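Model, not experiment: these values are computed from the prediction.
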Amino acid sequence: MNEHLTARYIPLATERTKDAVKDLIPGERRKIDLVNPLDPTDRLISDIWVVEDSDGAHFTYQDGPVGGDAYLGPADQVRIAIEETPTEE
């Protein structure tokens, strides 16, 4: 398994984010809401996509406006976690 760096922003469970991850397939990019965990007022919209490899399907997203790629986790687990998280405004 690859080692993953800590992201500066994390996905926020908004309607946009929930809709984006629900049925996202490899080759597509969608927009999600992100929040800076150190400053909850620092929010932005970024891209998320699915990567498939020998370990299965995984979500990756752009970590901020000029950030690199951030690994989010296995697609099935992320979908469940985002869906079960209360929706943010």
Side-chain angles (χ1 to χ4, degrees):
M1 186 79 177
N2 294 339
E3 204 171 308
H4 302 288
L5 301 175
T6 302
R8 290 175 290 167
Y9 289 84
I10 57 173
L12 194 57
T14 61
E15 287 297 328
R16 178 190 347 256
T17 301
K18 288 183 178 205
D19 286 344
V21 303
K22 190 182 319 178
D23 58 1
L24 186 63
I25 60 170
E28 289 184 330
R29 281 183 179 249
R30 296 202 185 154
K31 299 293 184 188
I32 61 169
D33 294 294
L34 300 178
V35 63
N36 180 339
L38 301 176
D39 178 4
T41 64
D42 182 11
R43 296 181 178 194
L44 53 94
I45 298 171
S46 192
D47 287 340
I48 192 167
W49 59 95
V50 176
V51 175
E52 279 191 310
D53 61 21
S54 60
D55 293 331
H58 308 274
F59 278 109
T60 302
Y61 64 96
Q62 183 179 344
D63 187 20
V66 294
D69 296 350
Y71 174 82
L72 188 54
D76 291 340
Q77 291 176 12
V78 170
R79 286 186 173 107
I80 292 167
I82 293 283
E83 186 59 36
E84 290 179 350
T85 301
T87 303
E88 296 277 339
E89 292 299 320

Checklist entry - Is there a donor-acceptor pair closer than 3.5 Å between any side-chain N or O of Thr17 and the backbone N or O of Asp33? => result yes

Checklist entry - Does a side-chain heavy-atom distance below 4.5 Å link Val35 with Glu88? => result no

Item to check | Residue pair Tyr9 / Gln62, side-chain heavy-atom distance below 4.5 Å | outcome: no

Next on the checklist: Per the salt bridge (charged side-chain N to carboxylate O under 4.0 Å, His left out) rule, what does the pair list look like for residues 35-50, sequence neighbours excluded?
Outcome noted: Arg29-Asp47, Lys31-Asp47

Next on the checklist: Per the salt bridge (charged side-chain N to carboxylate O under 4.0 Å, His left out) rule, what does the pair list look like for residues 60-74, sequence neighbours excluded?
Outcome noted: Arg8-Asp63

Checklist entry - Does Tyr71 share a hydrophobic cluster with Leu12, counting links as ILVMFWY side-chain heavy atoms below 4.5 Å and allowing steps through other members? => result no

Checklist entry - Knowing that exactly one of Ile32, Val50, Ile82 qualifies, which makes a side-chain contact (heavy atoms from CB on, under 4.5 Å) with Phe59? => result Val50

Checklist entry - Is Lys18 reaching over with its side chain to a backbone N or O of Thr85, donor-acceptor style, under 3.5 angstrom? => result yes

Checklist entry - Between Ile10 and Val21, is there a shared hydrophobic cluster once you connect ILVMFWY residues whose side-chain heavy atoms come closer than 4.5 Å? => result yes

Checklist entry - So do the side chains of Pro11 and Ile48 get within less than 4.5 Å of each other, counting heavy atoms only? => result no

Item to check | Taking every non-hydrogen atom, the tightest pair across Ser46 and Gly64 | outcome: OG-O, 4.3 Å

Checklist entry - What's the shortest heavy-atom distance between Asp23 and Arg79, and which atoms? => result C-NH2, 4.1 Å

